[in-house]
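Any value given below was found using the heavy atoms of this structure, including those in side chains, with hydrogens, waters and symmetry copies removed.
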Amino acid sequence: MATEIKVWQIINGNLEPIETTMVEAGRKEIEDLEKWIKSNPKILGEDVLIIGEQVPTKSDPMDFLGIDKSGNLVVIELKRDKLPRDVLTQAIDYASDVSSWDVDKLSEICTKYTGQSLEDYLSEKFEEIDLEDLTINKTQRVLLVGFLIEESLQRMIEWLSNNYGVSINAVILKYVKTKNGEELIARTVIIPEEIEKERIRKRQLEILMSDEPGKYNEDELRELLINYLSENRITPRRIREILFPLCLEHKFVNREMIKKELLKRKEAENDTQAGIILTTISREIGIAKRDYLRQIIQYDKPNPWEKENYRLVEHYRNLVKNVLEMLNKQKEEK
């Protein structure tokens, strides 16, 4: 049986069922629901913060894009009535797209929606977290929101969550208008929030990162490095313009040196922002498929989550220098 919320009002000691729909009350479900959710996203979960609305994806715009206190992205899809089983495919499609989005793109989305950069918005809303230790978009969650749910969809959500640890849940809402004219929204969730949080935590630990360097020959390494540093993303640009030049100039480059350079170049407005940017650089180098970066640059790990004392492998110093000179020349010629 699909989840449904029934509500009764106690009047003169008796239970009176409340069956008023939003339509009967003159409410427009999608328009009003979107407005209510934006006014207080905690109805979706205690740790969900909305950073984008009608966000374009490779298929269709998603209703809301959120982020939680662990830095995970939350794909939020609303339906005006019953959640059908095909909404699951739609939401997973969105999640597969956003999984590749970096902090720079997310900050652009957040700025458009809130008027603040992602780091500023997170600092304001999640005061208790340490942004410098936060890993953004390490995993993704799917949250489906409606007023009823098809039994088959509920079964699939529970199966994916229980057996495969997929971070997916459904919020089922109930509009209530009391005999006195007061309006209420009640909710329940398919997967209890504490269980979902624990599964997300376990899944994060399973995300593949690596400290192992690549084993490419010099020609392969050169080509991989040129392609990466030519990407139209801010993080490769920062590695190209800040981290590598610092490593060419100094034998060891610590975190404070990088943060100082970020502030000097106005890439960050304060030390907190510089720390968040440094975390994205650190994470980029630690992604398993970026093993060619780790073949070129080494680092210490005073903590499992922290890299320190970056330095170029001596054998590749000339390679890095030549690649940077070539890319800078191409930039000047454009």
Side-chain angles (χ1 to χ4, degrees), residues 1-9 15-46 48 50 52-57 59-66 68 73-98 140-179 182-193 195-196 199-200:
M1 189 72 177
T3 298
E4 183 179 4
I5 305 172
K6 294 287 188 180
V7 179
W8 287 261
Q9 185 176 356
L15 291 178
E16 297 286 342
I18 299 177
E19 299 294 344
T20 306
T21 66
M22 290 180 69
V23 174
E24 291 171 343
R27 290 293 193 180
K28 297 179 180 179
E29 290 182 347
I30 281 294
E31 290 84 350
D32 286 318
L33 180 58
E34 288 181 351
K35 181 172 64 178
W36 293 335
I37 288 175
K38 286 194 291 185
S39 71
N40 193 345
K42 286 188 176 181
I43 194 171
L44 303 175
E46 285 297 317
V48 177
I50 294 174
E53 178 183 19
Q54 292 298 310
V55 179
T57 71
S59 50
D60 299 304
M62 75 179 83
D63 290 327
F64 289 116
L65 178 64
D68 66 20
L73 293 188
V74 186
V75 171
I76 303 162
E77 190 64 16
L78 311 180
K79 293 299 176 186
R80 65 172 54 249
D81 188 16
K82 181 182 289 187
L83 289 166
R85 58 183 294 171
D86 58 5
V87 73
L88 179 59
T89 304
Q90 183 182 25
I92 289 175
D93 181 21
Y94 297 156
S96 68
D97 189 6
V98 306
Q140 300 77 42
R141 296 168 55 186
V142 169
L143 199 56
L144 309 176
V145 184
F147 291 85
L148 197 62
I149 183 170
E150 284 189 1
E151 183 179 354
S152 58
L153 175 57
Q154 180 171 339
R155 187 174 63 249
M156 287 189 289
I157 289 173
E158 291 172 340
W159 180 72
L160 287 170
S161 178
N162 293 335
N163 292 282
Y164 296 97
V166 177
S167 302
I168 181 169
N169 208 346
V171 175
I172 312 303
L173 303 172
K174 173 75 174 181
Y175 173 81
V176 179
K177 188 169 185 178
T178 68
K179 303 294 185 181
E182 296 175 322
E183 293 179 292
L184 309 172
I185 287 284
R187 75 150 199 168
T188 188
V189 292
I190 300 303
I191 308 296
E193 287 187 74
I195 292 177
E196 187 184 15
R199 288 174 181 164
I200 291 169

- Message: With side chain to side chain contact (heavy atoms under 4.5 Å, CB included) as the criterion, how do Ile168 and Arg141 come out once you've worked through the C-alpha distance, each side chain's angles and the decisive distance to 0.1 Å?
- Response: CA-CA 6 Å; Ile168 181 169; Arg141 296 168 55 186; over 6 Å; no
- Item | Full working for side chain to side chain contact (heavy atoms under 4.5 Å, CB included) between Val145 and Ile76 | CA-CA 7 Å; Val145 184; Ile76 303 162; 4.1 Å; yes
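- When atom types are taken as modelled, the side chain of Glu150 and the backbone of Arg85 share a donor-acceptor pair closer than 3.5 angstrom.
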- Message: Assess the residue pair Phe147 and Leu33 against the criterion (side chain to side chain contact (heavy atoms under 4.5 Å, CB included)); give the C-alpha distance rounded to whole Å, side-chain angles, the decisive distance to 0.1 Å, and a yes or no.
- Response: CA-CA 11 Å; Phe147 291 85; Leu33 180 58; 3.9 Å; yes
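- Looking at heavy atoms from C-beta onward, Lys177 lies out of side-chain contact with Gln9 at the 4.5 angstrom threshold.
- Among Leu83, Leu144, Leu88, Leu143, the single residue meeting the side chain to side chain contact (heavy atoms under 4.5 Å, CB included) criterion with Glu77 is Leu144.
- Here the side chains of Leu184 and Thr178 are in contact, with some heavy-atom distance below 4.5 Å.
- For the atom pair Trp8 CH2 and Ile18 CD1, the distance stands at 10.0 Å (nearest 0.5 Å).
- A distance of 11.0 Å separates CG of Leu148 from CG of Leu173, quoted to the nearest 0.5 Å.
- Considering only residues two or more places apart in sequence or on other chains, Glu53 meets the side-chain hydrogen bond (donor to acceptor under 3.5 Å, both in side chains) condition with Lys38.
- Taking all atoms of both residues into account, the shortest heavy-atom contact from Tyr94 to Val75 is CB-CG1, 3.8 Å.
- Side-chain N or O atoms of Asp68 include none that pairs as donor or acceptor with a backbone N or O of Val48 at under 3.5 Å.
- Of all heavy-atom pairs spanning Ala170 and Ile149, the tightest one is CB-CD1, 3.9 Å.
- Minimum heavy-atom separation, Lys79 to Lys82: CB-O, 4.1 Å.
- Using a 4.5 Å heavy-atom cutoff, the side chains of Ile37 and Leu78 are in contact.
- Put simply, the side chain of Arg187 gets close to the backbone of Ile43: a donor and an acceptor are under 3.5 Å apart.
- Leu73 approaches Val98 most closely through the heavy-atom pair CD1-O, 3.9 Å.
- Side-chain contact check for Glu34 versus Phe64: some heavy-atom pair is nearer than 4.5 Å.
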- Item | Intermediate values then yes/no, side chain to side chain contact (heavy atoms under 4.5 Å, CB included), Asn169 and Val142 | CA-CA 6 Å; Asn169 208 346; Val142 169; over 6 Å; no
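- Judged as a side-chain hydrogen bond (donor to acceptor under 3.5 Å, both in side chains), and not counting sequence neighbours, the contacts of Ser59 are Thr57, Asp93.
- Between Ile50 and Pro41 the shortest side-chain heavy-atom distance falls below 4.5 Å.
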